[in-house]
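The residues of the chain are indexed from 1 along the displayed sequence. Just so you know, ligand 1 is whichever comes first in the structure, and atom 1 is the first atom listed for that ligand. Bear in mind that the values here come from a model prediction, so they are computed numbers and not experimental data.
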Amino acid sequence: MTSLDQLQAAMSGADVEALWVSNPANVRAITGFSSGADGKVLVTAQGATLYTDARYTVQAREESRVPQHIARPPETYQDAAGRVRGQRVGFEAEHLTVAGLEALQDHWDVTLVPTRGLVEGVRLIKSPQEVQAVRDAQALADRVFAEVRPMLRAGVRELDVALALETGLRRGGAEVGFDVIVASGPRGAMPHGVASERVIEDGDLVTIDFGARLRGYHSDMTRTVAVGTPSGEMRRVYNAVLEAEEAAVAAIRPGAKAGELDALARGILERHGLAEYFAHSLGHGVGLNIHEGPSLRKGSEDVLEPGMVVTVEPGVYLPDVGGVRIEDLVLVTEDGHEVLSHTPKERL
Ligand SMILES: CSCC[C@H](N)C(=O)N1CCC[C@H]1C(=O)O
């Protein structure tokens with residue numbers, strides 16, 4: 001759903017006449033072809049061509065918004081060579097492998113120019129259809145969380161909670177967006193504590209971070225829930241994280257500077273003496289990739305615009321003790337924001 005016109009304008013700004021796109025999500029963004037990992041795109045002033053192989057003839061015809069050329073290397077490169085001879089051709093420096101670059105050098109009579117973030121820049125602002133896909137993915141995740149919430153009790157393995165979430169997402173027609181994080185008790189100190197065999201205990205806080213992928217688009221949400229009564233220390237941590245999260249969400253609007261949102265959340269945790277345990281950024285954009293721009297991190301100069309979809313997910317991680325993270329998925333609107341994740345947050 002990426003606008004080709006916008007991409008061609010970005011290419012001009014980067015002083016390239018053509019662009020060789022190898023990043024799977026970028027291939028999908030330009031063409032709609034869902035097997036982006038088995039495709040490449042050549043964008044020129046005339047338009048875009050999807051290159052993929054004969055396993056995808058029918059699928060590419062059904063899905064792609066741009067003309068397709070079915071071939072395998074080296075024929076792929078030979079066909080593209082004729083379209084770009086003598087030009088300045090950009091390649092995606094952050095994604096093309098060394099072998100991939102060598103293949104271009106071997107087959108093309110062009111000036112190859114490393115580029116960064118051209119397609120990603122266009123992907124920052126979601127179209128209405130893209131927003132709908134993220135919205136639908138999150139609505140499914142909210143429904144699945146509500147179904148699974150009653151099983152969060154002492155005696156249940158983290159793995160079984162993850163399996164129930166995964167099954168719910170799959171039954172709902174989605175893929176599992178990323179490895180489900182279920183981090184209970186002391187494991188909560190691991191921001192990426194994917195579900196383990198640990199058995200949840202009475203008094204644990206359990207951090208659950210999961211998302212659906214629907215029509216290629218992700219959702220992302222974290223809730224930390226109490227099983228029984230957690231310690232006073234962990235309840236204080238929970239309430240501090242909740243305060244930081246709610247304040248940062250409330251500050252989301254067009255023109256907000258991503259670095260300042262991070263600083264706002266970090267400042268609240270600082271007041272609670274917890275900033276040193278906030279071990280990651282405040283959030284990130286979400287779309288075809290679970291992590292994409294804009295970046296809501298310390299020092300980020302990204303500025304929010306309507307149509308961006310971002311997470312707000314402060315966390316505090318106390319080694320050997322436990323952790324808390326609370327995350328909402330938020331759409332930046334013309335006059336502020338809309339929270340897309342509707343799962344209630346516990347008050348401890
Ligand atoms: C591996 S995908 C993780 C999704 C999660 N919501 C997330 O983005 N984070 C959890 C810890 C911080 C943040 C991250 O930067 O990975």
Side-chain angles (χ1 to χ4, degrees), residues 24-25 120 123-124 134 137-138 140-142 144-145 148 158-159 161-162 165-166 169 174-184 186-196 205-214 216-225 237-238 240-242 244-246 248-249 252 258-259 261-266 268-269 274-300 302 308-319 322-331 339-343 345:
E120 288 87 342
R123 284 170 50 196
L124 286 170
V134 174
Q138 183 57 53
L140 172 61
D142 283 327
V144 170
F145 189 90
V148 172
E158 294 174 351
L159 273 174
V161 176
L165 292 167
E166 289 163 8
L169 295 178
E175 296 161 273
V176 179
F178 53 89
D179 285 347
V180 174
I181 293 169
V182 182
S184 62
R187 292 194 74 253
M190 294 189 281
H192 279 192
V194 295
S196 75
L205 283 179
V206 186
T207 299
I208 297 177
D209 184 345
F210 79 116
R213 185 167 53 229
L214 201 60
Y217 288 82
H218 291 80
S219 70
D220 194 4
M221 175 182 74
T222 307
R223 290 292 181 264
T224 299
V225 304
V237 169
Y238 182 93
V241 172
L242 184 59
E245 201 263 351
E246 292 185 335
V249 169
I252 290 199
L261 294 169
D262 180 282
L264 171 67
R266 224 166 273 282
I268 291 172
L269 293 176
L274 294 169
E276 67 180 290
Y277 304 107
F278 178 14
H280 51 71
S281 59
L282 177 66
H284 53 85
V286 174
L288 286 169
N289 287 129
I290 181 64
H291 290 147
E292 54 184 54
S295 175
L296 279 66
R297 68 175 148 71
K298 210 176 194 166
S300 170
D302 293 347
M308 290 179 169
V309 176
V310 299
T311 68
V312 174
E313 48 180 317
V316 165
Y317 309 95
L318 304 178
V324 174
R325 179 167 65 258
I326 301 171
E327 171 184 24
D328 279 309
L329 187 61
V330 185
L331 169 68
V339 178
L340 301 179
S341 41
H342 293 296
T343 296
K345 287 172 258 195

Inset, instruction - In plain terms, say whether D209 and R223 are close enough for a salt bridge, that is, a side-chain N and a carboxylate O under 4.0 Å apart. - result: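 Between R223 and D209 there is no salt bridge, as every charged N stays at least 4.0 Å from the carboxylate O atoms.
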
Legend entry - SB check R325 E245 (cutoff 4.0 Å):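 Salt bridge flag = no for E245 with R325.
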
Inset, instruction - Please assess V312 against E327 for the test side chain to side chain contact (heavy atoms under 4.5 Å, CB included), listing each intermediate value before the final yes or no. - result: CA-CA 5 Å; V312 174; E327 171 184 24; over 6 Å; no

Inset, instruction - Look at the aromatic rings of H291 and H192 and report parallel, tilted or perpendicular, splitting at 30° and 60°. - result: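 Taking H192 first and then H291, their aromatic rings lie parallel (interplane angle under 30°).
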
Legend entry - Minimum-distance pair of heavy atoms, taken over all atoms of A258 and L296: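 Of all heavy-atom pairs spanning A258 and L296, the closest is CB-CA, 3.9 Å.
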
Inset, instruction - Identify, chain by chain and in numerical order, each protein residue with a heavy atom under 4.0 Å from an atom of ligand 1. - result: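 Lining ligand 1: F178, H192, D209, D220, H280, H284, H291, E313, R325, E327.
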
Inset, instruction - Check whether more than 12 heavy atoms from other residues, nucleotides or ligands sit under 6.0 Å from atom CZ of F145, and answer yes or no. - result: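 Result for CZ/F145: enclosed.
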
